[in-house]
Amino acid sequence: IYHMSDPDSPRAKESFWRDDWGCLWHFPGMYLDGVVEEHPLQSWDALATWSPPDVGLRLEAIRAQMAAVRDAGQPPPGAGFEHGFLFLRLSYLRGFNNLMMDIADRDPRLFELCDVITEYWYQIARAHLEGGAMSIGAADDLGLQDRLPISPAAWRELIKPAYARIFGMARERGAS
């Protein structure tokens, strides 16, 4: 983990990085946050050859981490999802303008993509909870200064079911 002023931080200098979802990020340097420059699903035509990250590898790492913590007699850590885990992930994959058009058009491919992302995070959350985690933290940018970036009806139709599935499971298991 790097401190903001650490000259060895990947954000200290301009860099590019492709994440596990296939998005190419540009970090401008000076410790500034990055932006996605290449959206792997900019065109829906790419969906036929695109694959989400392999959740199995991540699950193995989570299970090993939770077992090590348990073996050490320490309390299990909570689950923390990456920033932009659902709504922003959709925009990273499609591009913001495409995402807004998909939402307005109620494109069925968007709902399928949302299901893929939801299933990924559901599996991650379940592994943490099965390992004893008592909390789940998620950061998604769902607000402008004074409203949602999409209509409340669109939020209820697209985003709310995913949140209900993931966080409902956590609540059922007594986690916060």
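Note that the structure is predicted; figures quoted are calculated from it, not measured.
Between Trp155 and Tyr163, the ring planes lie perpendicular to each other; the angle is over 60°, past the 30° to 60° tilted range. Between Phe27 and Trp25, the ring planes lie parallel to each other; the angle is under 30°, not in the 30° to 60° tilted range.
By the criterion of side-chain heavy atoms lying less than 4.5 angstrom apart, applied directly or through intervening Ile, Leu, Val, Met, Phe, Trp or Tyr residues, Ile136 is not grouped with Val69; the two fall into different hydrophobic clusters. One hydrophobic cluster, built from ILVMFWY side chains closer than 4.5 Å, holds both Leu113 and Phe96. At a threshold of 4.5 Å between side-chain heavy atoms, the hydrophobic network of Ile, Leu, Val, Met, Phe, Trp and Tyr places Met134 and Ile62 in two separate groups. In the hydrophobic cluster analysis, where Ile, Leu, Val, Met, Phe, Trp and Tyr join through side-chain heavy atoms closer than 4.5 angstrom, Leu24 is grouped apart from Val36. One hydrophobic cluster holds both Leu148 and Ile159 under the rule that ILVMFWY side chains link at heavy-atom gaps under 4.5 Å.
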Assess the residue pair Glu38 and Phe16 against the criterion (side-chain contact (heavy atoms from CB on, under 4.5 Å)); give the C-alpha distance rounded to whole Å, side-chain angles, the decisive distance to 0.1 Å, and a yes or no. CA-CA 11 Å; Glu38 277 182 23; Phe16 292 86; over 6 Å; no
Yes or no on salt bridge (Lys or Arg N to Asp or Glu O under 4.0 Å) for Arg58 and Asp20, after CA distance, side-chain angles and deciding distance? CA-CA 11 Å; Arg58 185 107 182 244; Asp20 292 340; 5.9 Å; no
Evaluate the criterion side-chain contact (heavy atoms from CB on, under 4.5 Å) for residue pair Asn97 and Met100; output intermediate values, then yes/no. CA-CA 5 Å; Asn97 290 340; Met100 293 298 106; 5.6 Å; no
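Contact check for Met30 versus Arg11: no side-chain heavy atoms found under the 4.5 Å cut-off. Within the 4.5 Å cutoff, the side chain of Leu93 has heavy atoms near those of the Cys23 side chain. Side-chain contact between Thr118 and Arg165: present, with at least one pair of heavy atoms (C-beta onward) separated by less than 4.5 Å. Counting heavy atoms from C-beta outward, Met169 and Leu129 have side chains that approach closer than 4.5 Å. Using a 4.5 Å heavy-atom cutoff, the side chains of Ile124 and Phe81 are in contact. Using a 4.5 Å heavy-atom threshold, the side chains of Met66 and Pro77 count as touching.
Side-chain atoms of Asp19 come within 3.5 Å of backbone N or O of Trp21 as a donor-acceptor pair. A donor-acceptor pair under 3.5 Å is absent between the side-chain atoms of Asp140 and the main chain of Leu142, judged by distance alone.
In this structure, Tyr92 has its ring center no closer than 6.0 Å to that of Phe85.
Closest approach of Val116 to Pro52, counting heavy atoms only: CG1-CG, 3.8 Å. Heavy atoms only, all atoms of each residue included: Ala79 and Ala133 are closest at N-CB, 4.3 Å. Across every non-hydrogen atom of Pro76 and Gly132, the tightest pair is CG-O, 3.0 Å. Residues Leu88 and Gly84 share a closest heavy-atom pair of CB-CA, 3.4 Å. Considering all non-hydrogen atoms of both residues, Gln123 and Arg126 come closest at OE1-NH2, 2.8 Å. Heavy atoms only, all atoms of each residue included: Ser135 and Ala175 are closest at N-CB, 4.0 Å.
Counting heavy-atom neighbours within 6.0 Å of Arg106 CZ, excluding the residue itself, gives a total of 12 or less.
The distance from the CG atom of Leu90 to the CG atom of Leu110 is 5.5 Å, given to the nearest 0.5 Å. Note that the NE2 atom of His26 and the CH2 atom of Trp17 stand 14.5 Å from one another [nearest 0.5 Å]. From Ile150, atom CD1 reaches atom CG of Leu158 across 6.0 Å, with rounding to the nearest 0.5 Å. From Cys114, atom SG reaches atom CD of Glu157 across 10.5 Å, with rounding to the nearest 0.5 Å. The distance from atom OG of Ser91 to atom NE2 of His39, rounded to the nearest 0.5 Å, is 7.5 Å. Between atom OH of residue Tyr122 and atom CG of residue Asp115 there is a gap of 13.5 Å, rounded to the nearest 0.5 Å.
Legend: residues meeting side-chain hydrogen bond (donor to acceptor under 3.5 Å, both in side chains) with Gln65, ordered by chain and number and at least two apart, are absent.
A cation-pi arrangement, defined by a distance under 6.0 Å to the six-membered ring centre and an angle within 45 degrees of its axis, is present between Arg94 and Trp44.
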